[in-house]
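So the structure is just underneath, and the comments pick up after that.
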Protein chains: 2
Amino acid sequence: MPPTGIQDSLRGRGVRLTRQRRILLDLIDGSGLHLDAESLYQLAKEKDPKLNRVTVYRSLKLFKEGGLVDELDLMHHSGDQHYYETRLKQEHAHVICLRCGRIEEYFGEPLREMRRQVELDLGFEVQLTRTEIGGYCPHCKALRAQETKVGQAVPPAAN
Amino acid sequence: MPPTGIQDSLRGRGVRLTRQRRILLDLIDGSGLHLDAESLYQLAKEKDPKLNRVTVYRSLKLFKEGGLVDELDLMHHSGDQHYYETRLKQEHAHVICLRCGRIEEYFGEPLREMRRQVELDLGFEVQLTRTEIGGYCPHCKALRAQETKVGQAVPPAAN
DNA sequence: GTTAGTGCAAACCTTTTGCAGCTCT
DNA sequence: AGAGCTGCAAAAGGTTTGCACTAAC
């Protein structure tokens, strides 16, 4: 089915919605994942073996400019690539487990409050925000506690 | 003067505080700026012409691991480098002007509230956060309004 | 004296650019 | 026909690695 608002979003100034771009948008949107350019390229190649890595980068740039996707760093927990996701209506933060790479999303009110304050107090016109929180997920938190015990016979903390 | 808590912070596990590292720490700390590896290298070379770019990268990595400095992306407003600053006691966000590159810091309560919620609601053990807000500073906001007028004779918005 | 750190050169990974041919409209 | 897009090859930007020598503790 022909995408709805996407057409308009791109067509803004002579940007065409080609076969390749459709594939890429579908992947970014459909997967619900946070893909980096290389993963996106690998997946796209399955649908069109001719599709070039360069086209992926060029398309991502366009999508970004058009406000269709957001670029993330995800704390660079796995190299220096960027990750991409469909821009949601709702602003949110990404919470990354530094041990297993699991990613959670946080939608709390403080995000909006912060934006409001930056606009009012600093006088900025906010265009985009990127909030990333690195830590250990419940699972890895437990594993780390174990590892510490095994690794160096932790004395029971006087607490 | 010999740095205070820094010694301890590094000496944790056999990390030496060499002449080169002292120079780098002084620059990061003293400048109060947000320097990237290359700028840091250029400045460090003035104090020690032999100091190598590689040493800068290796030292930054150590400082990061030791919790002495924080790594920032600053919305990649000027390439894909990383920027570094002394880790402050007080968590804060960076607000970047996408037009002139000016950087402001934001210390509001929502930052702490957000962290609290991520720990309670998602059960994460938060280690570090990185909040970046891109937009237009008051000055550039005004300039942009002008540019728009000149560029395309905006009709007075019915508002 | 030992262990860690440095400089140099070369490699690496991610992303961008130049250009000729292709494709939507 | 014409503007925009693609693929390919090559380059660029930022960072890391291997190794022999040097310096800190």
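Order of the sequence lines sets the chain letters (A, B, ...), proteins ahead of strands, with each chain counted from 1.
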Remember a base hit wins even if backbone is also touched, and classify B:Arg58 as base, sugar-phosphate or nothing at under 4.0 Å, heavy atoms. base

Of the listed nucleotides C:dT15, C:dT16, D:dT15, the one nearest the side chain of A:Asp80: D:dT15

Counting heavy atoms from C-beta on, name the nucleotide in D:dC5, C:dG5, C:dT16 closest to the side chain of A:Val15. D:dC5

Only pairs at least two apart or in different chains count here, so list each salt bridge (charged side-chain N to carboxylate O under 4.0 Å, His left out) that has a residue in residues 74-98 of chain A. A:Asp70-A:Arg87, A:Glu91-A:Arg115

Using only side-chain N and O atoms of [X], determine if any of them is under 4.0 Å from OP1 or OP2 of [N].
X       : N      : result
A:Gln20 : D:dG7  : yes
B:His82 : D:dG14 : no
A:Thr18 : D:dT6  : yes
A:Tyr57 : C:dT15 : yes
B:Arg53 : C:dG7  : no

Less than 4.5 Å apart, any side-chain heavy atom of B:Met114 and any of B:Thr131? yes

Could you check how far [atom1] of [X] sits from [atom2] of [N], rounded to whole Å?
X       : N      : atom1 : atom2 : answer
B:Arg19 : D:dA24 : CZ    : P     : 7 Å
A:Lys61 : D:dC5  : NZ    : P     : 12 Å
A:Leu35 : C:dT14 : CG    : P     : 14 Å
A:Arg22 : C:dC24 : CZ    : P     : 10 Å

Atom CG in B:Leu51, atom CD in B:Glu46: separation rounded to 0.5 Å? 12.0 Å

Distance-only side-chain donor-acceptor flag, B:Glu38 / B:Gln42, under 3.5 Å: yes

Does a donor on one side chain sit under 3.5 Å from an acceptor on the other, for A:Tyr84 and A:Glu71? yes

Assess whether one donor atom and one acceptor atom, taken from the side chain of B:Arg16 and the base of C:dT3, lie less than 3.5 Å apart. yes

Give, ordered by number, those residues of residues 36-52 of chain B having at least one heavy-atom distance below 4.0 Å to an atom of DNA chain C; if nothing qualifies, reply none. B:Lys50, B:Leu51, B:Asn52

How far apart are the C-alpha atoms of A:Arg53 and A:Tyr57, what are their side-chain angles, what is the distance that settles it, and do they pass the side chain to side chain contact (heavy atoms under 4.5 Å, CB included) test? CA-CA 7 Å; A:Arg53 189 182 271 106; A:Tyr57 282 107; 3.8 Å; yes

Parallel, tilted or perpendicular: ring planes of A:His94 versus A:His34, cut at 30 and 60 degrees: perpendicular

Comparing A:Gly79 and B:Leu62 on DNA chain C - which has the more 5′ nearest nucleotide: B:Leu62

